[in-house]
Amino acid sequence: LIDSLEMKDWQIKPAGARIAGVAVAETVARGIDLRRPIALASSLDWEPGMPIGRVPVAEGRMSGFGGDLMTRYGLSLGSVSTETRRESGDIGRSRLRVENFVLAPSLRSVEALGMRMVLQSMNLKEVRLGFDCSTVEDRARHTLKVEDCRLSGPDLVEMGLAAQLIDTDDEFWRSIDEADFFGLLGTKAALASARLVVVDKSLLQRSLQAKARLSGQPAATERAALATEIRRYQPPGVLITQDMSRVLDAVARFVEQGGTLTLDASPQPALGLEKLDYLLKPGADLVNALGLTATVSR
């Protein structure tokens, strides 16, 4: 158990390299619990590369990212922070934030040249992104909620995700704590609801303009062609239904007019994680199994 931790200017340097591949100017953390990973790594069955589980951290923040790897690809990152609050023995609230991520490829970097050309075709010099995600674990009520996960790109796009898992059992929480994600498939947990919201601010138009420059067609023609292709799309191995056609039509209208696309999943009954293999089988009715609907608004 570590009450507080502070590190300055740590680096990851490949063998024989003169410059650090990745460098972090400052790392601060509070309330670190290393008991579970130490216990897992102490087992005779554990080998390097196997999961060591989650490391609970009350508060943590890394800032001042740099290094040769990020410079070559034109990447910069302000900070990554996390915090976990225990409201009781069974309820925990967590938040993860990534701030000031910037992709600005340089013409002097061979590795980043292709990305630089893509951004130029979209009339962009750089892409700025931020990520903020909040979750709630309620082990007494057997639920896990993704309250709000938001990816934001100023003047480009906003994306938000919310979801709820119910009937989470001891095996589910063990798999989460030990980072055994394959173990989740053997639990009783089920997806009760999910919502994905995409707000287009200019990304559609910029992407279609880039495609138009490559094809030599007007952007309006490319937009209409993409919408038609989406409406006609028939994913292989999936049951094609009227409900799926309605979902595809909504996505096509989003391409045509922009605005806000909302995808809702409300499976009835809740979709158990052990049934996820059904979604991968030929002939699966994805829309009905997920209770999937789509709407478009301005």
Side-chain angles (χ1 to χ4, degrees), residues 73-75 101-105 112-131 148-163 191 193-267 279-298:
Y73 289 95
L75 303 174
F101 172 84
V102 181
L103 170 63
L113 185 59
M115 183 57 67
R116 177 77 177 188
M117 294 175 64
V118 171
L119 293 185
Q120 284 182 336
S121 68
M122 298 172 67
N123 292 323
L124 290 170
K125 292 183 179 180
E126 62 181 23
V127 173
R128 293 181 173 270
L129 297 174
F131 180 72
D148 186 20
C149 280
R150 194 166 297 276
L151 177 68
S152 58
D155 302 322
L156 281 177
V157 67
E158 297 278 346
M159 299 180 67
L161 173 68
L191 175 67
S193 63
R195 167 171 286 187
L196 174 66
V197 180
V198 182
V199 182
D200 175 51
K201 296 189 172 181
S202 73
L203 184 60
L204 268 174
Q205 181 63 24
R206 291 179 184 274
S207 300
L208 290 166
Q209 284 178 344
K211 191 171 186 298
R213 287 176 179 173
L214 291 174
S215 67
Q217 298 290 329
T221 302
E222 290 291 350
R223 185 186 293 268
L226 178 58
T228 299
E229 186 177 340
I230 291 173
R231 286 191 173 97
R232 293 177 177 175
Y233 179 60
Q234 295 187 357
V238 173
L239 184 64
I240 307 301
T241 63
Q242 288 185 343
D243 290 334
M244 173 167 280
S245 296
R246 280 192 284 267
V247 170
L248 293 176
D249 181 65
V251 176
R253 285 187 286 112
F254 174 67
V255 169
E256 291 170 336
Q257 67 187 47
T260 301
L261 172 66
T262 303
L263 293 169
D264 282 299
S266 300
L279 303 181
L280 304 177
K281 291 181 178 178
D285 185 350
L286 299 182
V287 175
N288 182 61
L290 292 170
L292 196 62
T293 58
T295 57
V296 180
S297 61
R298 280 291 193 177

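Remember, predicted model here, so these are calculated numbers, not experimental data.
- When the side chain to side chain contact (heavy atoms under 4.5 Å, CB included) test is applied to P218, the partners found at least two apart in sequence or on another chain are T221.
- The number of heavy-atom neighbours closer than 6.0 Å to CZ of R253, taken from other residues, nucleotides and ligands shown, is above 12.
- M244 is not listed as a side-chain neighbour of Q234, based on a closest heavy-atom distance of 4.5 Å or more.
- In this structure, R231 and L248 have side chains that are not in contact, with every pair of non-hydrogen atoms separated by 4.5 Å or more.
- Scanning both residues, R116 and P105, for their nearest heavy atoms gives NH1-O, 2.8 Å.
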Which pairs of donor and acceptor atoms, one on a side chain in residues 283-298, lie under 3.5 Å apart (sequence neighbours left out)?
| unit_1 | atom_1 | unit_2 | atom_2 | d |
| --- | --- | --- | --- | --- |
| D285 | OD1 | N288 | N | 3.1 |
| R298 | NH1 | Q257 | O | 2.5 |
| R298 | NH2 | Q257 | O | 3.2 |

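- Between atom CD of residue E229 and atom CD of residue E222 there is a gap of 10.0 Å, rounded to the nearest 0.5 Å.
- The distance from atom OG of S121 to atom CZ of R206, rounded to the nearest 0.5 Å, is 10.5 Å.
- Contact between I230 and A252 at its shortest, heavy atoms only, is CG2-N, 4.0 Å.
- Rounding to the nearest 0.5 Å gives a distance of 11.0 Å between CZ of R150 and CZ of F131.
- Look at K201 and D155 and you find no salt bridge, because none of the NZ, NE, NH1 or NH2 atoms lies under 4.0 Å from a carboxylate O.
- Across V255 and R223, no two heavy atoms sit closer than the pair O-NH1, 2.5 Å.
- Distance OG1/T241 to CZ/R246: 7.5 Å, rounded to 0.5 Å.
- Looking at S207 and M122, their side chains come closer than 4.5 Å, going by heavy atoms from C-beta outward.
- Rounded to the nearest 0.5 Å, atoms CD (Q209) and CD (Q205) are 4.5 Å apart.
- Looking only at side-chain heavy atoms (C-beta outward), L119 and K125 stay at 4.5 Å or farther from each other.
- Between F254 and L204 the shortest heavy-atom distance is O-CD1, 3.4 Å.
- Here the CG-CG distance, from L196 to L261, works out to 7.0 Å after rounding to the nearest 0.5 Å.
- When all heavy atoms of S152 and E158 are compared, the closest pair comes out as CB-OE1, 3.1 Å.
- Between L124 and V127 the shortest heavy-atom distance is CD1-CG2, 4.2 Å.
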